Asks: 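Please find one structure pasted underneath; my questions will follow.
Worth knowing before you read on, the calculation uses all heavy atoms, side chains too, and leaves out hydrogens, waters and symmetry mates. Since the structure is predicted, the reported quantities are computational estimates derived from the model, not experimental observations.
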Amino acid sequence: MSTSGNSIGKRLMIGVLLLIGLVLFMPADSRAASMKIRMNGKTTNYKRTQSTVKYGTKKVLNKKYKGLTIKGTRMVPYDDVFKKGLKVKVKKSSSKKFTMTKNGMKVTMTLGSKTAYVNGKKRKLSTAPVKVKYVKKKKTKILVPTKFLCDQFGFNYKASSSTITITDGLLLEYNNTIKKSPVIGKLSYNGKENSLSSMPVIKLGSTVYLPAEETFQKIVGIEYAYDAGSETLTLKNEATQATLILKLNEGTCQVNGVQKTLSTPMYMIKRKDNNKKVLCVPAKTVCKYLGYSYQWDKTKSLVSIHDLIYFDWKAENAPAPDGVTNYITQAKAVYNQDMNCISFTFQGSDAAIMSQAAAVRDERVVTVTIPAASKYCLDKFSFSKFVNTLEKFEVIEDGSGNIVFQITGFSPTDFAFSVQDSTLTVNIMSQFTGKDALKIMKPEGLTITDVTNEDLYQSNKFKLYLRGNHIEFLNANPIVVSSDVISDVSYGLGADGNTVITITTTKLQGYKIYNKPDSFVVTVGNPRDIYKNIVVLDAGHGGYDNGASHKGTKEKDLNFKIIYTLMKDYFSSNAPDTKVYWTRTSDVFITLANRAAFASKVGADLFISLHMNSASNSSANGTEVYYSPSNNGARFSGITSKSMATMFKDNLVSNLGMKSRGVKSAGFYVIKRNTVPAVLIELGFLSGSSDYGKLTNPSFQANSAQVIFDTINEIFNTYPTGR
């Protein structure tokens, strides 16, 4: 009996201690889940949602007096949130009645009443304002419906589980209605962001609006005229020869005398915060009719508009072609949206002379020279109203018959250059800002399966092969270069009739080729930024170093055939996850130091060297894989040189039927002095009675290449690099 009682007592004591522990170590939020309040004459333990409030990024209601959810409505103390935080004016007319004023809006509310008045008009509330005493703090607050008041004063309201976020909106009045624009946006013209003082970029329904006068007269600089009597706006863009006429509140307009439809009308809009009226136009439609590009970035609340034509100059009285002098009769500069470049075209009268044009870049200046008996027949020689990429365009006649076009950027720019018939085209791209370094417009009928590549990384080049002859197409659609690391792009016809594009880079680079609806794009960058996995494969020996020899068979040739000739096609896709670099791609001698250092140069993850063994006794047969204890530290996902050697040994032995001679340690230079996990495979003995026949068998060689490839994939699946 006594024993039982002690047992019960012990269990009770343990239970009490556990309960105390739970209370002491309970998360702070859980303990704050309930709060004692007094409301409508009753004291209760409030257990529903409690809200803090942020105005933008600033907290305006802290944990002291959190907002409450009353009858499904988020209610907050008006003095903390609206009066102090949002700077709303509050005036009490009695102990129960109070008026809140901001942005030309006046809201009158009464404690306990669901009837409110907004600018004198009666409005129904879902929950009435109420006095709440925070018992623990001994403080009484008046709580008001948060979203309702935000809507009236033009603020944007968003509620999460325990946080209300309020941001600035804008109250607008037009057509005798008051509406809120949730957007207070910005304007970018020709790549330069501009501040708007009369009216920010706003959104009414699904339509984005711009202040007409400030945008098109002051910033864009075209002809602007508004007749208040007829409520008519006229806009003229001389570059595109477009005249647009709009009337207030009407859903149609006129473009060069032809009636067109507007997405929504032009409005005279009054800002409620300062009572100023501003003429506003639907941005997308007006830009389109005037000949500008238009883009709306919802995330940044940014409208970007861009000139599509900078100039289009034509000679009025050009001489007739005489077969001697090349007359330049037309010059045009346009913004090419598809290629994101400024495209210059120059029309000559003599195709043969135009074909001699040459272009060079020196720092910020791209210079195009048309030699031999050429004459510039236009009156205009310069232009400077470009985007922020280009500073100016100038024409220089040097007096010897040469014509020079100089295009000056604010910084070095990439360019593409071509001559088709008698038209010279120069495309100027901005400095590289993204990952796509090359854009090649896609010839009709060509798909990504018609594109192959060859990496000539030893000379910092790579080649793309397009099936078929596309030289004329590339002349008419110049390759867009958007990377400073690309020093040269050339193309021509290969011996097999296919198109070869050669890209030269300033340093060793990785690349991937991707298929887009209208183009092939090439990503270029440091190998570790481009590829998920990088491997160096080393064909042992080479050049005057034959390695082992037996019956006329040289080790260097077997190593090279298996690990390069038979394996290179495994890694030739246009956008591989695993990239392989070979220490040698021909029969050349490479020092051991250079082989080991190559892994660091290309940013490799693994190094694998292939060799063939030899012994004085023909009974020595089998596969052995070496690692260096000096280079056996754990790397990505815990891989070591020894674990990699074990995987190669197991797979080569089991899949090729070779005798296992085990995993061994050694101080071979290429694995000891390497910077990454490294192994040296002795696939078999050239001198071996059974191995020689296998090593010289083409089927065995192909199977060996396959096993090495499969083991590389297995290693990266087992030990991911994390890139």
Side-chain angles (χ1 to χ4, degrees), residues 170 172 174 181 183-204 206-271 274 276-297 300-312 333-335 337 342 383-388 390:
L170 191 62
L172 307 167
Y174 59 98
S181 169
V183 169
I184 297 178
K186 299 166 287 186
L187 171 68
S188 170
Y189 171 57
N190 281 353
K192 180 181 179 182
E193 196 169 299
N194 296 267
S195 59
L196 294 168
S197 57
S198 61
M199 178 80 76
V201 173
I202 57 174
K203 199 172 184 183
L204 304 178
S206 60
T207 303
V208 175
Y209 275 80
L210 290 168
E213 182 177 4
E214 189 172 12
T215 298
F216 293 103
Q217 184 178 46
K218 296 182 180 179
I219 295 175
V220 176
I222 63 174
E223 188 176 330
Y224 175 99
Y226 180 67
D227 187 325
S230 63
E231 298 181 331
T232 301
L233 171 66
T234 302
L235 298 168
K236 292 183 179 180
N237 184 356
E238 182 181 345
T240 59
Q241 297 295 302
T243 299
L244 175 64
I245 300 175
L246 307 97
K247 286 184 70 74
L248 207 61
N249 305 321
E250 290 193 4
T252 59
C253 63
Q254 285 193 350
V255 181
N256 292 341
V258 179
Q259 184 168 295
K260 300 283 186 178
T261 302
L262 288 169
S263 54
T264 49
M266 175 175 72
Y267 292 123
M268 186 68 75
I269 299 177
K270 180 180 180 182
R271 293 178 57 158
N274 59 18
K276 290 184 178 179
K277 292 183 177 181
V278 181
L279 189 67
C280 296
V281 295
K284 182 177 182 179
T285 314
V286 168
C287 286
K288 174 186 173 183
Y289 288 152
L290 287 171
Y292 298 102
S293 72
Y294 165 88
Q295 187 175 25
W296 166 242
D297 189 324
K300 297 179 181 177
S301 294
L302 178 70
V303 165
S304 298
I305 61 178
H306 210 300
D307 284 323
L308 292 181
I309 299 178
Y310 296 104
F311 61 78
D312 188 0
V334 303
Y335 175 61
Q337 296 181 83
I342 301 173
F383 188 85
S384 60
K385 295 180 181 179
F386 290 106
V387 296
N388 55 3
L390 291 185

Asks: Donor-acceptor pairs are to be reported for all side-chain atoms of residues 260-267 against protein atoms at under 3.5 Å, with residues two or more places apart or in another chain.
Replies:
residue, atom, partner, partner atom, Å
Ser263, OG, Thr285, OG1, 3.0
Thr264, OG1, Tyr209, OH, 2.7

Asks: Would you check if the side chain of Asn190 reaches a backbone N or O of Asp307 as a donor-acceptor pair within less than 3.5 Å?
Replies: yes
Asks: I need the minimum non-hydrogen distance between Thr240 and Leu290, along with the two atoms involved.
Replies: OG1-O, 2.9 Å
Asks: Take atom CD of Glu238 as the centre, draw a 6.0 Å sphere, and report whether it contains more than 12 heavy atoms from other residues, nucleotides or ligands.
Replies: no
Asks: To the closest 0.5 Å, what do you measure between CG (Leu187) and OG (Ser304)?
Replies: 8.0 Å
Asks: Starting from the C-alpha separation in whole Å, work towards a yes-or-no answer on side-chain contact (heavy atoms from CB on, under 4.5 Å) for Val286 and Leu246.
Replies: CA-CA 9 Å; Val286 168; Leu246 307 97; 4.0 Å; yes
Asks: Pair Ile245, Thr234 - check side-chain contact (heavy atoms from CB on, under 4.5 Å), show working.
Replies: CA-CA 5 Å; Ile245 300 175; Thr234 302; 4.0 Å; yes
Asks: Evaluate side-chain contact (heavy atoms from CB on, under 4.5 Å) for Asp312 paired with Gln241, printing each intermediate quantity in order.
Replies: CA-CA 10 Å; Asp312 188 0; Gln241 297 295 302; over 6 Å; no
Asks: Output yes when a side-chain donor or acceptor of Lys385 lies under 3.5 Å from a complementary backbone atom of Phe311, and no otherwise.
Replies: no
Asks: Describe, in one word, how the ring planes of Tyr292 and Tyr189 are oriented to each other, choosing from parallel (under 30°), tilted (30 to 60°) and perpendicular (over 60°).
Replies: perpendicular
Asks: Apply the test side-chain contact (heavy atoms from CB on, under 4.5 Å) to residues Val201 and Leu210: give CA-CA distance (whole Å), side-chain angles for both, the deciding distance (0.1 Å), then the verdict.
Replies: CA-CA 5 Å; Val201 173; Leu210 290 168; 3.7 Å; yes
Asks: Quick one, Leu170 and Arg271 - any side-chain contact, counting heavy atoms below 4.5 Å?
Replies: yes
Asks: Hey, does Ile305 have a side-chain heavy atom less than 4.5 Å from the side chain of Thr215?
Replies: yes
Asks: Work out which heavy atom in Ile309 is nearest to a heavy atom in Val334; give both atom names and the distance.
Replies: CG1-CG1, 4.1 Å
Asks: Just how far is it from atom NE2 of His306 to atom CD1 of Ile342, taken to the nearest 0.5 Å?
Replies: 6.5 Å
Asks: Is there side-chain contact between Thr243 and Asn256, with heavy atoms separated by less than 4.5 Å?
Replies: yes
Asks: Does atom NZ of Lys203 have more than 12 heavy-atom neighbours, drawn from other residues, nucleotides or ligands, at distances under 6.0 Å?
Replies: yes
Asks: Which heavy atom of Ser230 sits nearest to which heavy atom of Lys247, and what is that distance?
Replies: O-NZ, 2.9 Å
Asks: Nearest 0.5 Å, what's the OG-CD1 distance between Ser195 and Ile219?
Replies: 7.0 Å
Asks: If you compare all heavy atoms of Lys276 against all heavy atoms of Asn274, which two are closest, and at what distance to 0.1 Å?
Replies: N-OD1, 3.0 Å
Asks: If I take atom CG from residue Asp227 and atom CG from residue Leu233, how far apart are they, to the nearest 0.5 angstrom?
Replies: 10.5 Å
Asks: Can you name the nearest heavy-atom pair linking Tyr226 to Met268, along with the distance?
Replies: OH-CE, 3.9 Å
Asks: Kindly indicate whether the side chain of Ser301, heavy atoms from C-beta on, has any atom under 4.5 Å from the side chain of Trp296.
Replies: yes
Asks: Indicate yes or no: at least one non-hydrogen side-chain atom of Val255 is less than 4.5 angstrom from one of Leu244.
Replies: yes
Asks: Only one of Lys218, Lys277, Glu214, Glu213 passes side-chain hydrogen bond (donor to acceptor under 3.5 Å, both in side chains) with Ser198; say which it is.
Replies: Glu214
Asks: For Pro282 versus Thr207, what's the shortest heavy-atom pair and its separation?
Replies: CB-CG2, 3.9 Å
Asks: Would you mind reporting whether Val208 and Val183 have side-chain heavy atoms less than 4.5 Å apart?
Replies: no
Asks: Within the side chain of Asn194, is there an N or O that forms a donor-acceptor pair under 3.5 Å with the backbone of Lys192?
Replies: yes
